[in-house]
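Note that these values count all heavy atoms, side chains included, but never hydrogens, waters or copies made by symmetry.
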Protein chains: 2
Amino acid sequence: MSRPLPVLSSSLSHTRTRMARPNQLHEKRSELLPIVAKAFAELGYRRATTAELAERCGVQQNILYRLWPDKRAMFIAALGYVFDLAVEIWSRVLAKGGPGTTAARLLAYESENIGKFGNHRIIFAGLNETDDPEIRAALAGMYSRYHRFVRDHVVDHRGKRGKAAAEEADLIAWAIIGLGTVTTISKELGLQDPSARRMTMHSMGSLLLDGSAGTGRT
Amino acid sequence: MSRPLPVLSSSLSHTRTRMARPNQLHEKRSELLPIVAKAFAELGYRRATTAELAERCGVQQNILYRLWPDKRAMFIAALGYVFDLAVEIWSRVLAKGGPGTTAARLLAYESENIGKFGNHRIIFAGLNETDDPEIRAALAGMYSRYHRFVRDHVVDHRGKRGKAAAEEADLIAWAIIGLGTVTTISKELGLQDPSARRMTMHSMGSLLLDGSAGTGRT
DNA sequence: TCATTCTGTGAGCAGATGCTTACACTACGA
DNA sequence: TCGTAGTGTAAGCATCTGCTCACAGAATGA
């Protein structure tokens with residue numbers, strides 16, 4: 001808040017009398033962000049020290065502070081990156097096509113691949129920093145978008161219209177997110193063996209999606 | 001691991017030649033543990049510094065280190081305390097009796113009171129320290145006990161016997177834990193208004209409990 | 001009472017942490 | 001080629017962090 005984001009100098013520099021070397025801050029940010037995100041995911045917020053982040057990026061801390069005003073901004077950027085990446089992956093999966101609704105296919109994909117990239121850990125890291133209003137807001141925004149994404153596929157899956165159906169899809173989407181969360185925790189802590197985990201995700205996910213009006217498969 | 005737990009000196013002291021003042025470490029631990037747990041819950045692992053813990057307890061850091069060998073042990077003790085407390089509260093709720101199965105009543109209670117004591121945050125704190133084997137193990141143990149608790153009530157609720165029913169209850173219990181988790185997060189971040197949150201917990205909880213083999217109510 | 005153990009106080013220490021400054025170097029537009 | 005602005009390196013700083021030490025006083029059994 002105290003200093004302007006470095007990226008602004010890029011546009012401002014066009015108004016200067018004499019310019020040299022158009023800055024590449026944006027490119028550098030894009031280059032380092034995945035590394036930063038991975039570090040936050042692996043270490044959590046506090047243990048991902050600026051020294052550690054810099055070392056992993058192969059730069060001096062200094063440089064990170066030219067790309068982002070402070071550590072918190074690095075974390076928030078990483079949070080957004082992880083979400084965008086997940087959406088991108090899901091989009092690719094859905095683009096490939098296959099049997100069943102998109103919701104069912106996403107569920108099947110997550111049953112196999114949940115926690116694969118380890119990026120979910122950054123969310124747990126965020127949940128530990130909810131006292132910070134900006135991190136809290138970033139997290140809330142991310143969850144809202146995530147929920148909307150899931151809900152839209154639930155609506156499509158169920159094929160019902162109307163306000164009641166929409167509200168129902170809303171609840172189902174939250175429950176599915178919860179299912180994904182607990183499955184992730186289960187994997188993280190080794191609480192279930194992989195097949196049981198897949199079974200939980202698939203079986204309970206199907207139950208939630210198809211509801212009590214479902215076909216009652218075992 | 002390097003030093004013996006201070007509590008041992010209590011029993012050892014009986015073998016000494018001359019003794020004075022039987023130690024009250026155990027009592028002190030019991031007295032301070034709730035305060036320590038609250039601090040961890042509010043601040044997370046890293047931000048709950050030993051200085052902060054000591055101040056909240058109204059003692060010097062020194063004293064905490066006589067009660068537990070290190071900060072990690074304080075955290076693990078707090079983790080156990082929070083779980084025991086939750087079980088105690090649930091037991092009281094169930095002891096009061098009421099309509100429906102114990103599972104349904106627990107669900108109804110949690111719909112209203114989830115996250116009430118803020119103690120769940122300590123679990124998120126723990127999930128950020130899963131690199132530490134001891135914390136990881138403590139967390140896994142706690143989740144296992146939690147799951148067993150929920151599962152037993154699910155079994156009772158559904159009233160089915162046999163291996164297949166038991167396995168089904170297993171999955172349902174995990175899904176319900178997930179539902180509780182996401183509801184907690186929702187409250188933490190203000191993602192839903194309270195009535196929507198209650199609705200999610202109750203409606204999706206009922207769906208999971210009664211399952212697709214249920215009576216097919218809407 | 002006296003010796004011994006427990007309890008509390010306060011200061012301190014080595015290392016870590018977020019962030020900054022100073023400065024040399026490089027690339028680019030004019 | 002010259003000057004400006006972007007890029008990289010190295011060191012440093014105030015503060016914090018987990019943990020320990022030395023010591024005075026209190027409580028208790030003998």
Tell me what A:Thr50 touches on the nucleic acid: a base, only sugar-phosphate, or nothing, going by heavy atoms under 4.0 Å.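 Result for A:Thr50 = base.
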So which heavy atom on B:Leu179 is nearest to which on B:Gly205, and how close?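 So the minimum-distance heavy-atom pair works out to CD2-N, 3.4 Å.
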Check the distance between [N]'s [atom2] and [X]'s [atom1] and give it to me in whole angstrom.
X: B:Leu53; N: D:dC16; atom1: CG; atom2: P; value: 16 Å
X: A:Arg72; N: C:dT17; atom1: CZ; atom2: C1'; value: 16 Å
X: B:Asp70; N: D:dT20; atom1: CG; atom2: P; value: 9 Å
X: A:Lys71; N: C:dA16; atom1: NZ; atom2: C1'; value: 11 Å
X: A:Phe75; N: C:dT17; atom1: CZ; atom2: C1'; value: 17 Å
X: B:Leu64; N: C:dT9; atom1: CG; atom2: P; value: 12 Å
X: B:Met74; N: D:dG18; atom1: CE; atom2: P; value: 9 Å
X: B:Glu129; N: D:dG18; atom1: CD; atom2: P; value: 11 Å

Taking only nitrogen or oxygen atoms into account, show me every contact under 3.5 Å that the protein makes with nucleotides 8-11 of chain D, one pair per line with its distance.
from   : atom 1 : to      : atom 2 : distance (Å)
D:dG8  : N7     : A:Arg66 : NH1    : 2.8
D:dG8  : O6     : A:Arg66 : NH2    : 2.6
D:dT9  : O4     : A:Asn62 : ND2    : 2.4
D:dA10 : N6     : A:Asn62 : ND2    : 3.2

Taking only residues two or more places apart in sequence or in another chain, which ones pass side chain to side chain contact (heavy atoms under 4.5 Å, CB included) with A:Pro194?
->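 Side chain to side chain contact (heavy atoms under 4.5 Å, CB included) list for A:Pro194, sorted by chain: A:Arg197, A:Arg198.
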Problem - Atom pair CD1/CD1 of B:Ile185 and A:Ile177 - distance to nearest 0.5 Å - result: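 Taking CD1 in B:Ile185 and CD1 in A:Ile177, the distance rounds to 9.0 Å.
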Practice prompt. Tell me, with the steps shown, if B:Glu168 and B:Arg158 meet salt bridge (Lys or Arg N to Asp or Glu O under 4.0 Å).
Written response: CA-CA 10 Å; B:Glu168 204 178 29; B:Arg158 294 170 71 85; 3.0 Å; yes
Atom pairs and distances, donor-acceptor, side-chain atoms in residues 31-43 of chain A, under 3.5 Å, two or more places apart:
from    : atom 1 : to      : atom 2 : distance (Å)
A:Glu42 : OE1    : A:Arg56 : NH1    : 3.0
A:Glu42 : OE1    : A:Arg56 : NH2    : 3.1

What class does the angle between the rings of A:Tyr146 and A:Phe83 fall in, given that below 30° is parallel, 30 to 60° is tilted and above 60° is perpendicular?
->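 Aromatic pair A:Tyr146/A:Phe83 classed perpendicular.
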